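Source: prediction; values computed, not measured. If you read the sequence from its start, that first residue is 1, and numbering goes on from there. Basis for what follows: all heavy atoms, side chains included, without hydrogens, waters or symmetry-related copies.
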Amino acid sequence: MAKIRALYFKNDKCGVCVAFLPKMERIAQDYDLPLEVIDVIQNPDVAGQNMVFTVPTIIIQDEQGNELKRFARNFSEYEIREYIQRMYDILGIE
């Protein structure tokens, strides 16, 4: 079965990052979606490899690590849920 995962890039000095993280964790829990939280200050190499220049950034990847969708700066919980649900429907994930 195909699986997707989410990467959440943040910085603790970013108020939006701190405020949105619990929502993203709830989304991940609701969809049984693997979530990796990456602090861009502690892991600048990972941020650079993923071309992340602003926080918060959420990258949805397939199981091979290919980027499927990127949410950066301005996005809503609804947009993320809608995208994940659409991917689950397409991939046949329950």
Side-chain angles (χ1 to χ4, degrees):
M1 175 184 292
K3 195 75 174 147
I4 60 174
R5 69 188 198 122
L7 304 178
Y8 185 84
F9 291 89
K10 71 171 186 79
N11 168 348
D12 287 336
K13 291 183 175 72
C14 161
V16 176
C17 300
V18 172
F20 198 82
L21 182 58
K23 294 178 184 178
M24 189 62 210
E25 289 171 333
R26 201 164 42 250
I27 292 168
Q29 187 176 20
D30 290 349
Y31 286 96
D32 193 24
L33 179 74
L35 173 65
E36 185 177 345
V37 178
I38 300 151
D39 186 303
V40 297
I41 303 300
Q42 296 172 354
N43 299 293
D45 52 330
V46 178
Q49 289 163 359
N50 287 281
M51 304 292 279
V52 172
F53 302 112
T54 184
V55 288
T57 294
I58 298 167
I59 297 177
I60 308 295
Q61 294 181 331
D62 65 13
E63 53 193 354
Q64 284 81 37
N66 300 311
E67 183 175 323
L68 301 172
K69 178 80 173 162
R70 176 179 296 236
F71 297 93
R73 199 170 291 176
N74 295 321
F75 52 82
S76 69
E77 181 178 353
Y78 174 77
E79 288 175 276
I80 296 167
R81 286 182 180 278
E82 185 179 49
Y83 179 78
I84 293 169
Q85 186 60 59
R86 196 165 56 239
M87 288 306 299
Y88 276 26
D89 292 346
I90 290 168
L91 298 171
I93 299 171
E94 297 288 319

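Not counting sequence neighbours, the partners of Phe20 by the ring pair (Phe, Tyr, Trp, His ring centres under 6.0 Å) test are Phe75. In terms of the ring pair (Phe, Tyr, Trp, His ring centres under 6.0 Å) criterion, Tyr8 has no residue partners (sequence neighbours excluded). With sequence neighbours excluded, no residue satisfies side-chain contact (heavy atoms from CB on, under 4.5 Å) with Gln29. The side-chain contact (heavy atoms from CB on, under 4.5 Å) test applied to Arg86 returns Glu82, Tyr83, Ile90, not counting sequence neighbours. Residues satisfying the side-chain hydrogen bond (donor to acceptor under 3.5 Å, both in side chains) test with Arg81, not counting sequence neighbours, are Asp30, Glu77. Residues satisfying the side-chain contact (heavy atoms from CB on, under 4.5 Å) test with Glu67, not counting sequence neighbours, are Ile59, Arg70. By the side-chain hydrogen bond (donor to acceptor under 3.5 Å, both in side chains) test, Glu36 is found to be paired with Arg5, residues two or more places apart in sequence or in another chain being considered. Listed by chain and number, the residues in a side-chain contact (heavy atoms from CB on, under 4.5 Å) with Asp32 are Lys3 (sequence neighbours excluded). Applying the side-chain hydrogen bond (donor to acceptor under 3.5 Å, both in side chains) criterion to Asp62, with sequence neighbours excluded, gives Asn66.
Hydrophobic clustering (side-chain heavy atoms under 4.5 Å, transitive across Ile, Leu, Val, Met, Phe, Trp, Tyr) keeps Val16 apart from Val52. Val37 and Val46 fall into different hydrophobic clusters, defined by Ile, Leu, Val, Met, Phe, Trp and Tyr side-chain heavy atoms under 4.5 Å apart, directly or through other members. Ile41 and Leu21 fall into different hydrophobic clusters, where Ile, Leu, Val, Met, Phe, Trp and Tyr are joined by side-chain heavy atoms under 4.5 Å apart, directly or via other members. A single hydrophobic cluster is not seen to contain both Met24 and Val55; linkage of ILVMFWY side chains at heavy-atom distances under 4.5 Å, directly or through other members, places them apart.
Atom CG of residue Leu33 and atom CD1 of residue Ile84 lie 5.0 Å apart, to the nearest 0.5 angstrom. Distance check: Asn50 CG to Ile38 CD1 gives 6.5 Å after rounding to the nearest 0.5 Å. For the atom pair CZ (Arg26) and CG (Leu35), the distance works out to 12.5 Å, reported to the nearest 0.5 Å.
The minimum heavy-atom distance linking Val40 with Ala47 is given by the pair CG1-CB, 3.9 Å. Residues Cys17 and Pro56 share a closest heavy-atom pair of SG-N, 3.5 Å. Residues Gln85 and Tyr31 come closest through the heavy atom pair OE1-CE2, 3.1 Å.
By the 4.5 Å side-chain criterion applied to Ile, Leu, Val, Met, Phe, Trp and Tyr, Met51 is assigned to a cluster that also includes Phe53.
Considering only heavy atoms from C-beta on, Leu7 stays 4.5 Å or farther from Ile58 through its side chain. Under the 4.5 Å side-chain criterion, counting only non-hydrogen atoms from C-beta, Asn43 is not in contact with Phe9. Residues Met87 and Leu68 form a side-chain contact, since some pair of their non-hydrogen atoms from C-beta on lies under 4.5 Å apart.
Using a distance-only test at 3.5 Å, with no hydrogens or angles considered, a donor-acceptor pair links the side chain of Glu79 to the main chain of Ser76.
Annotation: salt bridge (charged side-chain N to carboxylate O under 4.0 Å, His left out) contacts involving residues 43-55, sequence neighbours excluded, are absent. Here side chain to side chain donor-acceptor pair (under 3.5 Å) pairs that include residues 11-21, with residues two or more places apart or in two chains, are Lys10-Asp12.
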Between Ile80 and Phe71, is a side-chain contact (heavy atoms from CB on, under 4.5 Å) present by the stated rule, with each step listed?
-> CA-CA 8 Å; Ile80 296 167; Phe71 297 93; 4.1 Å; yes
